[in-house]
Amino acid sequence: MQRLGPASSLNRLERASLGSYWLAAMSLDRSLGIRVNGEHRRVPGGVSIAEMLNEIGIDPTKVAVERNLAIVARSTLGDIRVEDGDDFEIVHFVGGG
Amino acid sequence: MTAQQDIKADTWTVAGRTFTSRLIVGTGKYKSLEENAAAVEASGAEIVTVAVRRVNISDPTQPRLSDFIDPAKVTYLPNTAGCFTAEEAIRTLRLAREAGGWNLVKLEVLGEAKTLYPDMRETLKAAEALAKEGFEPMVYCVDDPIAAKQLEEAGAVAIMPLGAPIGSGLGLQNLVTIRLIVEGANVPVLVDAGVGTASDAAEAMELGCDGVLMNTAIAEAKDPVLMARAMKAAVEAGRLAYLAGRMQKRRYADPSSPLAGLI
């Protein structure tokens with residue numbers, strides 16, 4: 001699996017100059033543009049949610065996942081493929097009162 | 001029966017789960033997870049509140065709360081702190097349920113940042129929706145006996161009125177309303193928020209509350225672990241005093257030594 005990097009590694013100028021070329025490149029390498037906890041990321045096409053989490057360094061058994069505002073059952077994280085444009089919230093428990 | 005046996009038998013039950021400790025502690029504001037764990041241990045709490053937050057995806061290897069406070073030994077009570085609408089609170093608790101499988105949750109819907117006072121309209125809406133989804137919400141609320149009744153009707157499994165604003169440490173501001181809530185409730189009543197020191201916790205228990213929930217009073221004490229011990233003792237003392245039934249107050253003195261046989 002190719003290394004994932006935040007799409008934000010491009011600066012604003014680079015994004016602007018790439019323009020439509022960038023959009024074309026997206027489909028050429030079949031990678032997907034997604035958001036994870038508000039941050040833009042690119043992942044290879046065809047990965048499951050569990051694979052996406054592992055790649056980021058998150059243990060899928062220790063978090064809860066919301067995709068486009070709907071809860072994804074933990075038991076199905078390995079079966080569901082990431083789609084282009086998906087918006088994920090990955091949460092866990094922290095100290096609180 | 002000895003006093004020791006009485007204490008052991010004195011349990012309380014919320015949504016079918018029975019606990020011995022009547023002190024619920026928060027896990028926020030501690031200097032370290034180690035200190036947090038030591039304070040929980042010293043408090044004797046069997047339930048801790050936790051918040052639901054985004055995983056830090058730039059550094060997912062940061063130490064986790066569950067590495068220090070074992071959810072298999074202490075019941076995690078996920079909260080909705082920071083939620084200002086019913087919708088946000090419900091969304092948060094659905095995630096909490098997926099993260100840990102808990103139905104027993106703490107609902108709080110806040111009205112404004114300055115006072116962190118509950119928004120009761122949104123709180124009632126959320127409590128009703130959550131109960132319909134199979135949650136068992138313990139609900140942070142205003143110290144209003146009518147609102148407490150309405151929450152119970154909406155499906156709250158515990159009523160948790162504030163003693164004073166969250167994190168203020170001002171102590172119980174309205175003993176009358178807390179007592180009225182206790183007298184009218186058919187579910188456990190816990191004072192949630194406002195406790196500043198041990199006597200505040202004892203006072204809540206003396207009113208007949210089933211328990212007390214606190215965070216800042218322990219976490220912001222100079223020695224949080226020692227304060228956790230103090231709170232454990234205070235909750236137990238207040239509970240015992242409530243069970244023992246206090247003496248009537250008199251307006252004037254009444255000698256404790258016999259008047260007969262004076263030389």
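Residue numbering restarts at 1 for every chain, and letters A, B, ... go by the order of the sequence lines.
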Inspect the contact between A:Glu89 and B:Arg54 and indicate whether a charged nitrogen and a carboxylate oxygen are less than 4.0 angstrom apart.
yes
For chain A, find which of B:Asp59, B:Thr49, B:Asn215 contributes the most heavy-atom pairs closer than 4.5 angstrom.
B:Thr49
What distance separates A:Met52 CE from A:Leu32 CG, expressed to the nearest 0.5 Å?
10.0 Å
Heavy-atom distances under 4.5 Å only: say whether A:Ile90 touches chain B with side chain, backbone, both or neither.
both
Can we say B:Glu108 and B:Lys106 salt-bridge, meaning some charged N sits less than 4.0 Å from an Asp/Glu carboxylate O?
yes
Is it the backbone or the side chain of B:Tyr140 that comes under 4.5 Å from a heavy atom of chain A, or both, or neither?
neither
Between CD of B:Glu203 and CG of B:Leu207, what distance do you get to the nearest 0.5 Å?
6.5 Å
Counting heavy-atom pairs under 4.5 Å to chain A, which of B:Ala51, B:Ala219, B:Gly28 comes out on top?
B:Ala51
Examine whether an atom of A:Leu53 lies under 4.5 Å from a heavy atom of chain B, and if so say whether it belongs to the side chain, the backbone or both; otherwise answer neither.
neither
Among the options B:Leu33, B:Thr216, B:Leu65, B:Val55, pick out the one with the most heavy-atom pairs lying under 4.5 Å from chain A.
B:Val55
So B:Tyr117 and B:Val142, do their side chains get closer than 4.5 Å, heavy atoms only?
yes
Salt bridge or not for B:Glu88 and B:Arg91, using N-O below 4.0 Å?
no
Tell me which of these, B:Ile57, B:Asn79, B:Leu77, has more heavy-atom pairs under 4.5 Å with chain A than the rest.
B:Ile57
Whatever's closer than 4.5 Å to a heavy atom in chain A on B:Arg97 counts as neither
Whatever's closer than 4.5 Å to a heavy atom in chain A on B:Ala193 counts as neither
B:Glu35 and B:Ser32 side chains, donor-acceptor separation under 3.5 Å
no
